[in-house]
Colleague: 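Here's a structure for you.
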Amino acid sequence: MSMRNSGPVTLTIDCGGGGIKATALDSRGTALATPVRTPTPYPLPPDMLIDIVSDLKGGLPAPDRVTVGMPGMIRHGVVVATPHYVCKAGPRTRPLPELIEQWHFFNMGQALSDFLSLPSLVLNDAEVAGYGAITGKGHEVIITLGTGLGNAIFDGGELAPHIEFSQLPVKWGLTYDDYLGEHERLRLGEVHWSRRVRRVVESLRQAIMWDRLFVGGGNGAHITARQRALMGDEVVIVPNDAGVLGGVRAWDFQGQNLK
């Protein structure tokens, strides 16, 4: 392991539908220890997620700050709504009204800062991944493919207000989450599912007119080579660890642009 540099250590938490992963990174985005992970429990109220973050933190080098990426509509660290953690037994199971109420306008950023006594940045998970991928120049978009669909838009490195494309209807009454989620990839197989991804890219291109589109998330690697070739030269597949590097770069961009 190389010597730690003089910059701050960032604890990056990637909150997924199936697992919650933590990594401690130096200012260059280099991991300082082996990442730790725990399966996502359901249902998952806010106080339980804070406890999980604290437990994961204890197994890693002491951080100076924390970045959390989680699914849903997040504004200035406040959770307006989150789709999976309100469900009784995981994604696509029955939402619990009491969990919806607990998460609605829960200030996760402030709660984490208070509990951990550390500066904390809470963003949508696709936004964190986007910070790990973007160049900071032009109109850049990221979509992430995993349990569902995530997305974020940047202009000149500045994060645009979040829009939950995942909840928009796409076909047969399905949302984008339903249409491209992990359950459909497993049901359809990668060839058919990859065609769906390309069609979604084509439809979003007409609406957003990006300079570059990054496609990430755990399932980005499952898009077939044929469909990748048909998507266009401005579409870039990025590795799933973009969300890890983004945990550091989000703070760099925050000083310049993050609102």
Side-chain angles (χ1 to χ4, degrees), residues 13-22 36-56 68-112 115 122-129 143-152 161-190 192-193 196-197 199-200 204 216-220 222 240 243:
I13 308 290
D14 181 10
C15 300
I20 300 170
K21 184 172 70 174
V36 292
R37 182 186 185 277
T38 188
T40 304
Y42 288 98
L44 181 56
D47 57 348
M48 184 181 291
L49 181 55
I50 291 172
D51 286 340
I52 290 171
V53 171
S54 181
D55 290 344
L56 293 173
V68 174
M70 59 179 292
M73 178 65 77
I74 319 293
R75 293 183 188 143
H76 311 291
V78 176
V79 181
V80 179
T82 188
H84 309 311
Y85 300 159
V86 300
C87 296
K88 182 176 182 179
R92 297 175 60 81
T93 62
R94 181 171 63 89
L96 300 176
E98 63 271 23
L99 261 294
I100 294 174
E101 183 176 352
Q102 287 182 45
W103 275 112
H104 187 50
F105 285 108
F106 180 77
N107 194 332
M108 187 68 173
Q110 188 62 57
L112 270 178
F115 192 83
V122 178
L123 297 164
N124 173 275
D125 51 355
E127 293 173 349
V128 178
I143 61 173
T144 56
L145 301 167
T147 303
L149 173 74
N151 64 273
H162 189 64
I163 300 172
E164 273 288 272
F165 291 136
S166 66
Q167 301 307 306
L168 293 174
V170 57
K171 201 170 186 180
W172 310 309
L174 300 176
T175 65
Y176 281 100
D177 253 358
D178 300 324
Y179 192 65
L180 294 181
E182 170 71 353
H183 59 286
E184 284 295 273
R185 184 183 73 85
L186 295 175
R187 184 182 73 85
L188 295 171
E190 292 183 358
H192 189 173
W193 175 82
R196 281 192 177 184
V197 174
R199 290 176 188 137
V200 167
L204 291 177
N219 284 342
H222 292 289
N240 193 32

Colleague: Which heavy atom of Ile50 sits nearest a heavy atom of Ala111, and at what distance?
Modeller: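 Closest heavy-atom pair between Ile50 and Ala111: CD1-CB, 3.6 Å.
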
Colleague: How long is the straight-line distance from CZ of Arg196 back to CG of Leu145, given to the nearest 0.5 Å?
Modeller: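 Spacing of CG (Leu145) from CZ (Arg196) equals 13.0 Å.
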
Colleague: Quick one: does Thr93's side chain get under 4.5 Å of Tyr42's, heavy atoms only?
Modeller: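 Side-chain contact under 4.5 Å: no.
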
Colleague: Can you tell me how far CZ of Phe165 sits from CG of Leu180, rounded to the nearest 0.5 angstrom?
Modeller: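 Leu180 atom CG to Phe165 atom CZ measures 13.0 Å (nearest 0.5 Å).
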
Colleague: Run the side chain to side chain contact (heavy atoms under 4.5 Å, CB included) test on Leu49 and Trp103 for me, step by step, so that the C-alpha distance in whole Å, both residues' side-chain angles and the decisive distance to 0.1 Å come before the verdict.
Modeller: CA-CA 11 Å; Leu49 181 55; Trp103 275 112; 3.7 Å; yes

Colleague: Got a list of side-chain donor-acceptor pairs under 3.5 Å for residues 77-87, not counting sequence neighbours?
Modeller:
from	atom 1	to	atom 2	distance (Å)
Thr82	OG1	Pro71	O	2.8
Tyr85	OH	Cys15	O	3.3
Tyr85	OH	Gly16	O	3.0

Colleague: Could you tell me the separation between the CD atom of Glu127 and the CD1 atom of Ile74, rounded to the nearest 0.5 Å?
Modeller: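 The CD atom of Glu127 sits 8.0 Å away from the CD1 atom of Ile74.
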
Colleague: Find out whether Pro45 and Leu99 are in side-chain contact, i.e. whether some heavy atom of one side chain is under 4.5 Å from a heavy atom of the other.
Modeller: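 Contact flag for Pro45/Leu99 side chains = yes.
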
Colleague: Main chain of Ile163, side chain of Asn151: is a donor-acceptor contact present, judged purely on distance under 3.5 Å?
Modeller: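 Here the side-chain-to-backbone pair exists.
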
Colleague: So which atom in Ala22 and which in Leu56 form the shortest heavy-atom distance, rounded to 0.1 Å?
Modeller: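 It is CB-CB, 3.7 Å.
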
Colleague: With rounding to the nearest 0.5 Å, note down the distance linking OH in Tyr176 to CD in Glu164.
Modeller: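 Nearest 0.5 Å value for the OH-CD distance: 13.0 Å.
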
Colleague: Which value, rounded to the nearest 0.5 Å, describes the distance between Leu149 atom CG and Thr144 atom OG1?
Modeller: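 So the gap between those two atoms works out to 6.5 Å.
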
Colleague: Less than 4.5 Å apart, side chain to side chain, heavy atoms only: is that true for Val36 and Asp55?
Modeller: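 No, every pair of side-chain atoms sits at 4.5 Å or beyond.
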
Colleague: Just grab all the salt bridge (charged side-chain N to carboxylate O under 4.0 Å, His left out) pairs involving residues 87-107, residues at least two apart or on different chains.
Modeller: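 Every salt bridge (charged side-chain N to carboxylate O under 4.0 Å, His left out) pair that includes a residue of residues 87-107, provided the two are not neighbours, is Arg92-Asp178.
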
Colleague: Of all heavy-atom pairs between Thr147 and Gly18, which one has the smallest distance, and what is that distance?
Modeller: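 For Thr147 versus Gly18, the nearest heavy atoms are OG1-N, 4.3 Å.
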
Colleague: Indicate the atoms forming the closest heavy-atom contact of Gly17 with Pro91, along with that distance.
Modeller: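 Result for this residue pair: O-CD, 4.3 Å.
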
Colleague: Would you say His162 and Arg75 make side-chain contact, with heavy atoms under 4.5 Å?
Modeller: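 When only atoms from C-beta onward are counted, Arg75 and His162 do not touch, as no gap falls below 4.5 Å.
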
Colleague: Just wondering, do Asp177 and Gln167 contact through their side chains at under 4.5 Å, heavy atoms?
Modeller: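 A side-chain contact exists here, since the closest heavy-atom pair is under 4.5 Å.
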
Colleague: With a 4.5 Å limit on heavy-atom distance, are the side chains of Leu186 and Trp193 in contact?
Modeller: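 When only atoms from C-beta onward are counted, Trp193 and Leu186 do not touch, as no gap falls below 4.5 Å.
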
Colleague: Mind listing the closest non-hydrogen atom pair of Met48 and Pro43 along with its distance?
Modeller: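 Heavy-atom minimum between the residues: SD-O, 4.1 Å.
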
Colleague: Return the CD1 to CG distance between Ile52 and Leu44, rounded to the nearest 0.5 Å.
Modeller: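 The CD1 atom of Ile52 sits 5.0 Å away from the CG atom of Leu44.
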
